[in-house]
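Keep in mind that this is a model prediction, so the values were computed, not measured. Count residues from 1 along the sequence.
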Amino acid sequence: MRTRTVLIVLFEGIQPLDVTGPYEVFAGVRADRGAEGGYEVRTATIDGAPVRSTSGLRLAPDAALADCAVPDLLVVPGGEGALEPDPRIVSWLRVNGPRAGRLLSVCTGAFLVAAAGLLDGRRATTHWAYCDRFTERFPDVLLDPEPIFVRDGRVATSAGVTAGIDLALAVVEEDHGRQVALTIARHLVVFLRRPGNQRQFSVPLAAQTAGRPTLRDIQHWIVEHLRADLSVDALADRAGLSPRHFARAFRDEVGMTPGRYVDLVRLEAARRLLEDTGQGVEEVSRACGYGTPEAMRRAFVRALGAGPAEYRRRFRPMTTVQPIAV
């Protein structure tokens, strides 16, 4: 297998972890970790000069962008400098982005890629805090604010900071297989288990917190009592409201219906148990309030496109960790 070339674009105001996270993943693919071939990783700025990151860290590139060959994999990190990008970088991306084998953006790097017109008509994501700004600026992009990363053909975009590591690991798994990606993940002390469609936040964080204390208490109670009767009638009774009043108030203050909130909390709890414990599917289905494995299977297939057993097989980390030669 031939060595693939990776080029990471650097610019003033870059987020350092958007660079170093993917860099370490790709640089870690080596023969002594089970890989055939690997990646040659280089960095470049528009003029070959060093740049200053958002934290003040100075990054010295390997070359100027004009002197770099078209890579197999082009990585565009994010940072404050991506929000008001250097027009020269946008122009370079507009010409060279379509020529690269694959194009990845990390965090607000999606702003740079979109400014070059390379996300028009594509599904994409970015850091949750910048989604509204992104949508206003790039209405032709099909932005999904929830996933950790999104792939649309040869172009992939990821959410904030550490999601760039998840995306890079997914690329390594695609190129070199799951075992190599797992080895890299263990070396970096991260879990190879976050699928691209996992939400950027847990459900309680992603949902709005209700303004009135009674509804906030109901939100917390749901998370802690998944095996209870969580119907609208039962929750309304606990809140001391009529079912109609409760459902309307919950939707207005939380941003979703009570049923949707319950579904998401149960799904997240079941995913966590499948990833982190050895409990069987039937036991997990009871613990999370599904009642039967079939009910949980339907919920998983509807939301994730895979049943619980397949989800566990793909995203649970290995239980036996072997020492890794450094």
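Here the side chains of Phe300 and Leu274 are in contact, with some heavy-atom distance below 4.5 Å. At least one side-chain heavy atom of Thr157 sits under 4.5 Å from a side-chain heavy atom of Leu119. Side-chain atoms of His176 and Glu36, non-hydrogen and from C-beta on, never get closer than 4.5 Å to each other. Counting heavy atoms from C-beta outward, Tyr23 and Val75 have side chains that stay 4.5 Å or more apart. Proximity of Leu59 to Thr43: side-chain heavy atoms (C-beta onward) are nowhere separated by under 4.5 Å. Residues Val281 and Met296 are in side-chain contact: their nearest non-hydrogen atoms beyond the backbone lie under 4.5 Å apart. A 4.5 Å side-chain heavy-atom check between Leu103 and Arg154 finds at least one atom pair inside the cut-off. Here the side chains of Leu167 and Pro22 are not in contact, with every heavy-atom distance at 4.5 Å or above.
Crowding of Asp132 atom CG: a count of heavy atoms from other residues, nucleotides or ligands under 6.0 Å not exceeding 12.
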Quiz prompt | Full working for side-chain contact (heavy atoms from CB on, under 4.5 Å) between Val171 and Tyr39 | solution = CA-CA 11 Å; Val171 170; Tyr39 301 93; 4.2 Å; yes
Quiz prompt | Verdict with supporting geometry, Arg133 and Phe111, side-chain contact (heavy atoms from CB on, under 4.5 Å) | solution = CA-CA 10 Å; Arg133 190 189 307 188; Phe111 280 76; 4.2 Å; yes
Practice problem: Any chance you could lay out the side-chain contact (heavy atoms from CB on, under 4.5 Å) test for Arg2 and Asp72, step after step, and finish with the verdict? | Solution: CA-CA 11 Å; Arg2 70 179 181 86; Asp72 296 306; 2.9 Å; yes
Practice problem: Kindly determine whether Phe246 and Leu215 satisfy side-chain contact (heavy atoms from CB on, under 4.5 Å), including the steps that lead there. | Solution: CA-CA 9 Å; Phe246 170 77; Leu215 295 183; 3.7 Å; yes
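How far CZ of Arg272 is from OG1 of Thr277: 11.0 Å, rounded to the nearest 0.5 Å. Expressed to the nearest 0.5 Å, how far CZ of Phe11 lies from CG of Leu112 amounts to 5.0 Å. Between Asp217 atom CG and Arg212 atom CZ the span is 12.5 Å, to the nearest 0.5 Å. To the nearest 0.5 Å, the span separating CG on Asp67 from CG on Asp47 amounts to 10.5 Å. The distance from the CG atom of Leu74 to the CH2 atom of Trp92 is 5.0 Å, given to the nearest 0.5 Å. Rounded to the nearest 0.5 Å, atoms SG (Cys288) and CZ (Arg271) are 12.0 Å apart.
A donor-acceptor pair shorter than 3.5 Å cannot be found between the side chains of Asp144 and Thr125. Looking only at atom types and distance, the side chain of Asp233 has no donor-acceptor partner in the side chain of Ser231 under 3.5 Å away.
Residues meeting the side-chain contact (heavy atoms from CB on, under 4.5 Å) test with Arg238, sequence neighbours left out: Ile218, Trp221.
A side-chain contact (heavy atoms from CB on, under 4.5 Å) with Leu65 holds for exactly one of Leu10, Val9, Thr45; it is Val9.
Remark: the backbone N or O of Arg251 is not paired with any side-chain donor or acceptor of Thr257 at under 3.5 angstrom. Side chain of Arg266 to main chain of Leu226: a donor-acceptor pair is present (N/O by atom type, distance under 3.5 Å, no hydrogens or angles). In terms of modelled atom types and a separation under 3.5 Å, the side chain of Asp18 and the main chain of Gly78 share a donor-acceptor contact. The backbone N or O of Ala44 lies less than 3.5 Å from no partner atom in the side chain of Asp62, so there is not a single donor-acceptor pair.
Smallest separation of non-hydrogen atoms from Ala63 and Cys68: CB-SG, 3.9 Å. Across all non-hydrogen atoms, the minimal contact from Val29 to Ile184 is N-CD1, 3.8 Å. A pairwise comparison of heavy atoms in Cys131 and Leu143 identifies O-CD2, 3.6 Å as the closest pair. Taking all atoms of both residues into account, the shortest heavy-atom contact from Thr3 to Glu40 is CG2-N, 3.6 Å. The two residues Gly160 and Cys107 have their closest heavy-atom pair at CA-SG, 3.7 Å. Nearest heavy-atom pair across Ala295 and Tyr290 is CB-O, 3.5 Å.
Checked against the 6.0 Å centroid threshold, Phe134 and Tyr130 do not count as a close aromatic pair.
Between Asp152 and Arg122 there is a salt bridge, with a side-chain nitrogen of the basic residue lying less than 4.0 Å from a carboxylate oxygen of the acidic one. Ion pairing between Glu84 and Arg137 holds under the 4.0 Å rule for side-chain N and carboxylate O.
Screening residues 98-111 for side-chain hydrogen bond (donor to acceptor under 3.5 Å, both in side chains), with sequence neighbours left out, gives Asn96-Arg99, Arg102-Glu174, Arg102-Asp175. Residue pairs meeting the side-chain hydrogen bond (donor to acceptor under 3.5 Å, both in side chains) criterion with at least one partner in residues 294-303, sequence neighbours excluded, are Glu294-Arg297.
Clustering ILVMFWY residues whenever any of their side-chain heavy atoms sit less than 4.5 angstrom apart, transitively, puts Val284 in a cluster other than the one holding Val301. Hydrophobic clustering keeps Leu142 apart from Leu104 (ILVMFWY residues linked when any side-chain heavy atoms are closer than 4.5 Å, directly or through intermediates). Under a hydrophobic-cluster definition in which Ile, Leu, Val, Met, Phe, Trp and Tyr are linked whenever side-chain heavy atoms come within less than 4.5 Å, directly or via other members, Val70 and Phe26 are assigned to different clusters.
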